[in-house]
There are 2 protein chains.
Amino acid sequence: MDRINLSLLKALSENARMSYAELGKRVHLSAPAVAERIKKLEEKGVITGYRPNFNLEKMGIPITALVECQVYRTKEREFKSLIMTLDEVIECYNVTGPQAFVLKVGVTSMSSLDYLLERLIDLSDTNTKMIMSMPINENMPKNIEKVTEITDS
Amino acid sequence: MDRINLSLLKALSENARMSYAELGKRVHLSAPAVAERIKKLEEKGVITGYRPNFNLEKMGIPITALVECQVYRTKEREFKSLIMTLDEVIECYNVTGPQAFVLKVGVTSMSSLDYLLERLIDLSDTNTKMIMSMPINENMPKNIEKVTEITDS
DNA sequence: AATGAAATGTCTAGAGC
DNA sequence: GCTCTAGACATTTCATT
C-alpha cells in the first residue's frame with residue numbers, strides 16, 4: 001500500500017462511482033494507471049465491492065435495531081441457519097462473549113419486530129436496542145495512513 | 001418507488017459502479033432513462049452515496065470490535081465530542097437503553113484497543129465484544145419488495 | 001417519463017519508455 | 001508501472017413523442 005493507493009481508496013470512499021479520469025486528476029496520474037491500480041486492489045481483495053448507501057426510512061423501513069442474541073448452548077447451528085433465512089436481518093456480527101451474535105435488523109413496524117424476536121427466542125435470549133441515529137458512519141479508521149504500512153510509490 | 005427503481009437499487013447493491021448502459025439492460029430501459037431515475041433517487045435522498053467495501057485486515061487493521069458504552073449521566077455531551085475525534089471509531093450507533101452508544105472500532109493491536117478504551121472509560125462504562133466474523137452484510141432487508149409501497153411503473 | 005441521435009467524455013488495450 | 005494513442009463504449013443533452 002502506497003500513498004497513491006490510499007488516496008484512491010479515500011476518494012472512492014467519498015464517491016465510489018467516480019470515474020477513473022476524475023480519480024486520476026486527484027492523484028496526478030492517467031486514467032489507465034488508475035484503472036490498473038484499482039484492478040489490483042480488487043484482485044488482492046483490499047476492495048471487495050461497491051455499494052450504494054440507502055436511507056432505509058425513505059424506503060419504508062422506519063425502524064432499525066441492534067439485537068444481541070445469547071444463543072442456547074445446543075442451538076448454535078440451528079440459530080445460524082435461522083438467521084440466514086430471516087429477511088429482516090441486514091447485518092450479523094459473530095462476536096466474543098455470551099451474546100455471541102449481534103444482528104442489525106430493519107422492520108416496518110414494532111409488531112413485525114415483535115414477530116421477529118419471537119422467532120429468535122426459541123433459540124436464544126435476546127436483548128434489543130432501538131437505533132435512534134448513526135452519528136458516525138465511515139468505512140475505515142480515520143488514521144489509516146498512520147497505522148498501515150506505507151511503501152514508497 | 002416502483003418495481004423498476006427497486007430493481008435498479010438491487011443491481012447497484014451488487015455493484016455500485018455498474019454503468020447506466022448495463023443497468024438499462026437489466027431493467028429494459030435506455031441509459032438516459034436509467035440516469036434520470038437514479039438522479040431522482042439521489043435527489044430524494046433514497047440513495048445517499050456510494051462506497052467501496054474494504055477488507056480491513058488487508059489494510060493493516062486486523063482487529064475490529066463492538067464497544068457498548070454506558071455513558072455517565074452528566075457526561076453525554078463530552079462523550080459525543082470525544083468519539084467524534086477518535087480515529088479508530090468506524091461507526092457509532094446511538095441506541096435506546098442504558099448502553100446508549102455502540103461503537104464499531106478498528107485497531108492494529110490489542111494494546112491500541114486498550115488505549116482506546118482507557119480514553120472512553122473516563123466518561124463511560126464500556127463493554128467490548130471482539131468481532132470474529134460478519135456472516136451477513138447486506139444494505140437493506142431482503143424482503144424490501146414485500147414491505148415497501150410499490151407504485152405502478 | 002421514455003426514446004434516439006449527436007456531442008462529449010471515459011475506458012481499455014496495446015505500444016513504447 | 002507509467003504515459004500516450006486510438007477505437008470502443010458510456011454519458012449527457014436535447015428534440016421528439
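This structure is a prediction, so every number in the text was calculated from the model and none was measured.
Two residues, Pro32(A) and Pro32(B), neighbour DNA chain D, and the one matched to the more 5' nucleotide by heavy-atom proximity is Pro32(A). Between Met18(B) and Lys40(A), the one whose closest nucleotide on DNA chain D sits nearer the 5' end is Lys40(A).
Listed nucleotides dC2(D), dC11(C), dT3(C) differ in distance to Ala21(A); the shortest reach to its side chain belongs to dC11(C). The side chain of Ser30(B) lies closest to dT3(C) when the candidates are dT5(D), dC11(C), dT3(C). Nearest to the side chain of Ala35(B), among dT12(D), dC11(C), dC2(D), sits dT12(D). When each of dA13(C), dT11(D), dT13(D) is scored by its nearest atom to the side-chain atoms of Arg17(A), the top-ranked nucleotide is dT11(D). Looking at the side chain of Tyr20(A), the nearest of the listed nucleotides dA1(C), dC2(D), dC11(C) is dC11(C). In this structure, of dT3(C), dC2(D), dT10(C), it is dC2(D) that holds the atom nearest to the side chain of Ala33(A). When each of dA1(C), dC4(D), dC11(C) is scored by its nearest atom to the side-chain atoms of Arg37(B), the top-ranked nucleotide is dA1(C).
In terms of modelled atom types and a separation under 3.5 Å, the side chain of Asn94(A) and the main chain of Pro135(B) share no donor-acceptor contact.
Annotation: the span from Lys25(A) atom NZ to Ser30(A) atom OG amounts to 13.0 Å, rounded to 0.5 Å. The line from CE of Met59(B) to CG of Asn5(A) is 10.0 Å long, rounded to the nearest 0.5 Å. In this structure, the separation between NZ on Lys104(A) and CD1 on Ile136(B) is 13.0 Å, given to the nearest 0.5 Å.
Atom CD1 of Ile4(A) is separated from atom C1' of dG1(D) by 10 Å (rounded to the nearest Å). Between Leu23(A) atom CG and dC2(D) atom C1' the separation is 17 Å, expressed in whole Å. Taking atom NZ of residue Lys25(B) and atom P of nucleotide dT11(D), one finds them 11 Å apart after rounding to whole Å. In this structure, the CD1 atom of Ile38(A) is 14 Å from the P atom of dG1(D), given to the nearest Å. Straight-line distance from the CG atom of Asp152(A) to the P atom of dC2(D): 14 Å, rounded to whole Å. Distance, Glu36(B) CD to dA10(D) P: 20 Å, rounded to whole Å. Atom C1' of nucleotide dA1(C) and atom CG of Leu41(B) are separated by 14 Å, given to the nearest angstrom.
Contact annotation for Lys39(B): no contact, since no heavy-atom pair falls under 4.0 Å across all strands.
A salt bridge does not link Lys80(B) with Glu76(B): none of the charged nitrogens is closer than 4.0 Å to a carboxylate oxygen.
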